Every structure is written in C-alpha cells, then in structure tokens.
*Asks:* 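Take this structure, written in structure tokens, and hold onto it; I'll ask about it next.
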There are 2 protein chains.
Amino acid sequence: MPGSDRGRATSDRETEGRCALADVALAALGSGSRESGGSVRGSSPTINDVARVAGVSKKTVSRVINDSPLLRVETRQRVELAIAELGFVPNLQARGLAMGHNSLIGLIHDNPNSQMVLGVQQGILEAIRDTDFALVVRPVDRGSPGMMDDVRRFLERQRLFGVMLLPPISENDLLARHCAELGCRYVRMGSARLDADAHCVSSNDAEAVAAATRHLIVRGHRRIGLVAGPHGFRSAKERRAGFEAALNEANVALPRSLIAQGDYRFDSGVIAGSRLLDQVPPPTAIFACNDEMAAGVLHAARQRDLAVPRDLSIIGFDDTPIAAHVWPPLTTVRWPIQAMGQAAARKLLDGSSDAPAPPSVFPSKLIVRGSVADLEVGP
Amino acid sequence: MPGSDRGRATSDRETEGRCALADVALAALGSGSRESGGSVRGSSPTINDVARVAGVSKKTVSRVINDSPLLRVETRQRVELAIAELGFVPNLQARGLAMGHNSLIGLIHDNPNSQMVLGVQQGILEAIRDTDFALVVRPVDRGSPGMMDDVRRFLERQRLFGVMLLPPISENDLLARHCAELGCRYVRMGSARLDADAHCVSSNDAEAVAAATRHLIVRGHRRIGLVAGPHGFRSAKERRAGFEAALNEANVALPRSLIAQGDYRFDSGVIAGSRLLDQVPPPTAIFACNDEMAAGVLHAARQRDLAVPRDLSIIGFDDTPIAAHVWPPLTTVRWPIQAMGQAAARKLLDGSSDAPAPPSVFPSKLIVRGSVADLEVGP
DNA sequence: TTGTAAGCGTTATCAG
DNA sequence: CTGATAACGCTTACAA
C-alpha cells in the first residue's frame, strides 16, 4: 500500500472519513506507473502520484506546494486533498537539485563559550521555524593550519543556502571572502560592525563596557583594574576600548600595572586577578572582559581573603550562567545573543530581497547583581 | 572559464605546471555540451565534464569518486587528474536523490545543559570528520503539545540518513518508534540501557552515583541528604537508585526528610538545599543529582553561614564548568560525554554493517575537588 | 574493466 | 490558468 506509513504522518487526527480518493489513487498507481515509480515497494508518494490522483499535471502540484498565486481555488483544493490523502511530503533533495541550492543554513563557529553558541542556534531556529530550512553546525578549529581549507571543502561539498559566522571566526575577512567566492550567502555576527549591513549583525561592546565602567566610577572607584581579552579578538579590542574611553572621559588614570591580559578562560582570570590584586595599592574594582575571567578574579580574591564586594568590586561580561551562580552573583553585561542570531538568520533568508538591508546593531544591558559596592572613603 | 573559481579551491598549491589537460577540457566543453551543461555560465563542473576531459564515461568517474575497487590504476589516475584540474566537487544533492538518502545526520535534543549538547556535537563531528556527512541540529520543546508532530514533520521532510537522540528526549520510546516507522536510523544516548544495543549508547549513572555516595560514607558521613532530579527523567531515577543502593549496602538510613526534589536547575537546588539544611539535625553531606543543583546547595549553605566543606560536604554530577568555577570547587561525577557522542555517531554510520552492534556502556569517574571533608566526630 | 540507458523527484521553459 | 518536456547531477542495473 503505497505511502501508507506516511499517510498517517501528517494527519494523526485523520480517522476514516474520506478514503474514496485514496482508493482511486491506488487503482491509478497500480497500473501504468511509467514515470515515477514512487509508489512501488512501499516508498513514499511522489509528486507524480499526487498529480495522477488529483487528475492534474506534475507542474500544477508543484505550483500548489510552492504557493503559486496563479491557480484556480478549485484546482488547488483538489490537489491539496490528494496531498493529504497520500501523505505526500516533498523531497528536499530533489528540490535542491532542481533549484541549484538546498535548504540548509550553516553555523560556522570556533567558540569556546557553549552558552553563546547555543543561544545563537536557538535564535536561528526561531527564524527558520515553519520553513523547510534546517541548521547545520560546523565548529572549526581556529589555529589549526588546515582550518580554512577545511571550511572551503565543507562549503563546496554541502552547497548550503547560506552560512552564519560567529565570533571570533566571524572576524576573519578571508573566510567571508571565501564564502562570497563560493557563491554562499553569509552573515557575520560580531561585537562591532564587521561588514556591509547586508552581511552583518552586531552588538556594540565598546559602548556597553563604557557604561559598565561608568557604573564603577559613579560609585567612587578610581583604581579600576582591567582583565583584558586575548589579542586578535575583535571583542577584546572593543571592550578594552570602551573601558579606556569611560576612564578617559572621567579623567581617571589607567596605569599599565592595572591592566592584565587573559585569554577568556577561567584560569587566566585567576592569574590576571592575582597579578592585579598584588599591586600596592590594589585596585578597588576590576572589570573583566568576560564572565569566566571575572569568576577567576573572584577566586583570586577569595584566595587572598578579600571579601567581594566589600574589598573588591567586580564586573564581568556576557551574562553566562556562571555569573548568576557564583557567590556573590556577578554584575555583568548581557547582550541579546538569541535575538541577534534570529536577526542574522532572517537577514540571510531575506538576502535576495531587493530592499537594501538595514543596519543591525543590538543594544546590551548592564545586569546589576551583588558584586559591586560603593567605595568606602578611607579614614 | 568554466570552473576556474573552483579550480583553485581544492589545490591552492597548484601553480602553473600542467595546464595542458585543462585546455583540452575547455575545448571539449566549448563545443557540444549536450548533456550536462555544467560548464555553462560559470557554474561548477559536473561529473560529465570530468568524464569528457578524462576521456572516460560518466560511470567511470562515479566509480572513482566512490572508491570502487574494479578500476585500472591508469584509468583512475587519469580521472583523478581531471578532477583536480577541473576542481570538481560531487554534488551531494544529486547523489542523495539518486541514492535515496542524503548525508545528514540529525541531533535531536531538548536539553537545558548547553555543555552537554556541545560535548555531544563535538563527539559526533569527530566521528564524521573526513566523510561527507554533516550534522543537523534540532532542539525540541518537550512539554509543548505539538512536539512529537513537529519532530515527525522534521524527519519526513529532511529525510536524514539517521538521527541521534539526546537525553532526556531520548528516553521517549514513542519518538524512537516514529524514527523507525519513518525509516530513519537512530541511536539513543542515555543514562542507562534504553534500547537494543544497535540503538543505544549509555553511561551507567546508578553505578557512578553509588561510587560517589560511598566516597561520602567512607569519610564518616551518615546523615546524607539527596537533592533528587525531576520526575520523568530516567537519569534522575538512575541516580537516585544508585544513591539509595549505596546507603543500603552500608546500612545507612535514609529518612524521607533528607530527600528533596529539584528540577535540575540552580534555583531548585537553592530551595532543596535550604529545606535539607533546615532539618534538625542537618545533614553533614548532600549529594545533588547535577552540578547546577549542587551549586544551588552551595548557595543555600552560604546563606546560612555554613562553611563548605567544613560544615557540609557536597557532591554534584556532570562535571560542568560550574563545578570547577564555584568556591570551593565541587567534587562531582564526570561522564565521557564526547566519547559517547562519537561512539553513537559511529554506531549510526555502521548501522548497515552485518555484525551485530556491541553494547556501548561508558564508565563515569569521580572527580575529587574541594567540597568534601572527613566528618569530624563530635565531642 | 568499462560503457549505455534509465531512473531518482523536483522545478523551469514555453507553449497552449 | 495549465500542461508537456527538458533539465538538475548522480547512481544503479545491465550489457559489452
């Protein structure tokens, strides 16, 4: 019985009402199946089967499943009925072959922060919900010498509809160029405007960090340490720039001794925090360029029996779960990662629209928790 | 110049050496392109182009790219040369259409733990490295009424080679049945044996938790609290069973008052921990069924000015980053998530092999950090 | 060991 | 508005 398995698939609530058409279908299929053969051997029904059952041509069915406007309602209904009876599901492989591109969008990233990756995935999936698009993930290993070749091979073989590039790999201009060369649409996410509006969705980390830093300054802090992010990361650069700008505008000095470099990981935060806290006098507050490092600073403080926030105020960045779960919970900067993922995906899908893409810059927000205190003026 | 973009793609190191063949290629393509037309309009070269350039038939090229054993080395080389010259890349859509299935494997999950999801992804990607397979992710919303229909639609439309099911959704037998009905290979990951060996890769949470509990008992603890996981999660059931088994075998009593229920999230850990710690006398140790809840217990302890581990020992489960990052760092159970993902993917790919699948149960390991102390015997 | 012919299930073209 | 016919690029019989 052709497609009987599938028949149940789309319509679980379908009972035994209108099976007349289905019987016609069987009869029709039984005889001269010269073209598609889709009915043989229990495989699922094809567009040909639907056409035969509905008594129309292949192309008409195609028009129905592609929402073509030029169709008589009556015809459309007949076809839709046949589709329902047969439990027909269009074959994306075939469609992809015919149209020259598949319905997959790729997510390329080399991100150590799982929360972020998953947030973006979530956003993308929201954007492609109710479409036939699916999300293909491709983590890559920045630093590995063959990385770029790897990605190229991936793009060549999979022939995706388009890809989304996550930071920090999204900052790589060469990668973007490769995408373009391979005819693969792309959108880059970043902490600053990295590309033309059509290819870019970003936050404004510099501004967000400046606001966070002002939060410290307003509370009386003047010796403020920075745990910077790693070289080569645009986000690290942006965040540092925002930090310095805020200090500058308030005429607060930033001695080199109050800057320590980290690599965005917890351990580097412990080390950087230690170095900062061993200065004399130590800083009264520290901004760390991400939450993991901020948690590391917290560790370093605890190792020195410093109470946070009494003896030391700390602000992080990203608002990952760790920020809320350490003690005291960290004041930090939250950026709308999921919304950005969604916007980026939409931009990708709308790419062929005629209207020029609008710029997409998403605002971040300071989340105030318990790791910042007003500075007690000394005796 | 047909395929010139692509020509560079695979062979960046190719300089100007042997372009003779390529010229032949151009000539050949220029004239009677009656079949594929792959050379026209800058689109990428097809198997026909390769065949013409190499002076063999389509099928022979197909044999080469599919590693058929029956080919003269000479022929093979000629074809390979042509492939290189042209920068030919097989079209997966077309192949998928012809073979009846694509080269995508899906990851279906409804997991709140991002670390876990990403770990599995990593494992899968290792398993499919150097193949043409790609990974499609599909988070679903357990609890949403339309979830199962959703997944079915997804499977019907995408026609994946196979899917991997992550806990807790992997515990859903109905979902597995649907996969089978739709002709989609599947492998389930879980905290216990959920299915036939061919469809299952698991850890043994009960045993792991029993070991962790013994770790507490050996150190003198007798009043040990449990923060259980949510109903309906197999892992919660397994972990609790392991906990109770260890207490039993040591003849340690487990009053109901020392069991609190959580939902695997931080906040529930705080609440459950509070309830446990407010008992008189309070427990001297608590096992929480995952790290997030263990971190919550830590919060509850701190709110009561209890020192960990001096006044309270805590053990968690999963070894997520949070376990290492809170203070004190948590003793916890680590299970080989990435290795399991890899094994599961391999199982999926080997699915058609004749040999019966071996059982795959992966051992977990107690990670000892700073949250457990020997029990001081009271005065 | 290699080639020929016939699909795989869709969409595009261009006529009616 | 609808339909015949030809792509789309590859694989799998079945020959040679």
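Naming: A, B, ... by sequence-line order, numbering from 1 per chain. These numbers were taken from a predicted model, which means no experiment stands behind them.
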*Asks:* Mind checking whether A:Pro139 and B:Leu125 have side chains closer than 4.5 Å, heavy atoms only?
*Replies:* yes
*Asks:* Would you say the side-chain atoms of B:Arg177 and B:Asn172 include a donor-acceptor pair closer than 3.5 Å?
*Replies:* no
*Asks:* What nucleotide, of D:dC1, D:dC10, D:dG3, holds the atom closest to the side chain of A:Leu70?
*Replies:* D:dC1
*Asks:* Nearest whole angstrom, please: distance from the P of C:dG9 to the CG of A:Asn102.
*Replies:* 19 Å
*Asks:* Return the value, rounded to whole Å, for the distance between atom CZ of B:Arg76 and atom C1' of C:dT2.
*Replies:* 13 Å
*Asks:* Among C:dT1, D:dT11, D:dG3, which nucleotide has an atom closest to any side-chain atom of B:Lys58?
*Replies:* D:dT11
*Asks:* Whole angstroms only, please: what is the CZ-C1' distance between B:Arg95 and D:dC8?
*Replies:* 16 Å
*Asks:* Which sits closer to the 5' end of DNA chain C, A:Ser62 or B:Met99, going by the nucleotide each is nearest to?
*Replies:* B:Met99
*Asks:* I need the CG-C1' distance between A:Asn66 and C:dT11, as an integer number of Å.
*Replies:* 8 Å
*Asks:* Starting the side chain at C-beta, find the nucleotide from C:dC8, C:dT11, D:dC1 nearest to B:Leu97.
*Replies:* C:dC8
*Asks:* For A:Ile47 and C:dG9, what is the distance between atoms CD1 and P respectively, to the nearest whole Å?
*Replies:* 11 Å
*Asks:* From C:dT2, C:dT11, D:dT12, pick the nucleotide closest to the side chain of B:Thr60?
*Replies:* C:dT2
*Asks:* Flag the pair B:Arg153 and B:Asp150 as a salt bridge only when some basic side-chain nitrogen lies within less than 4.0 angstrom of an acidic carboxylate oxygen.
*Replies:* yes
*Asks:* Would you say that A:His109 contacts A:Val140 through its side chain, given a criterion of any heavy-atom pair below 4.5 Å between the two side chains?
*Replies:* no
*Asks:* Under 4.0 Å, counting only non-hydrogen atoms across every strand here, what does A:Leu71 touch: a base, just sugar-phosphate, or nothing?
*Replies:* sugar-phosphate
*Asks:* Please tell me which of B:Arg72 and A:Val61 maps to the more 5' nucleotide of DNA chain C, matching each residue to the nucleotide holding its nearest heavy atom.
*Replies:* B:Arg72
*Asks:* In whole angstroms, how far is the P atom of D:dT11 from the CG atom of B:Asn91?
*Replies:* 10 Å
*Asks:* On DNA chain D, does the nearest nucleotide to B:Arg63 precede the nearest nucleotide to B:Leu92 from the 5' side, or the other way round? Give the residue.
*Replies:* B:Leu92
*Asks:* Taking donor-acceptor contacts at under 3.5 Å, does the side chain of A:Lys59 reach the base of C:dA12?
*Replies:* yes
*Asks:* Nearest-Å distance, CZ (B:Arg52) to P (C:dT4)?
*Replies:* 13 Å
*Asks:* Can you tell me how far CE of A:Met164 sits from CZ of A:Arg188, rounded to the nearest 0.5 angstrom?
*Replies:* 12.5 Å
*Asks:* So, OP1 or OP2 of C:dT1: does either fall under 4.0 Å of a side-chain N or O from B:Thr75?
*Replies:* no
*Asks:* C:dT11, D:dC10, C:dT2: which one has an atom nearest the side-chain heavy atoms of A:Ile65?
*Replies:* C:dT11
*Asks:* Using whole Å, what does the distance between atom P of nucleotide C:dT11 and atom CD of A:Gln93 come to?
*Replies:* 13 Å
*Asks:* When you measure only distances, ignoring hydrogens and angles, does the side chain of B:Arg159 come within 3.5 Å of the base of C:dG9 through a donor and an acceptor?
*Replies:* no
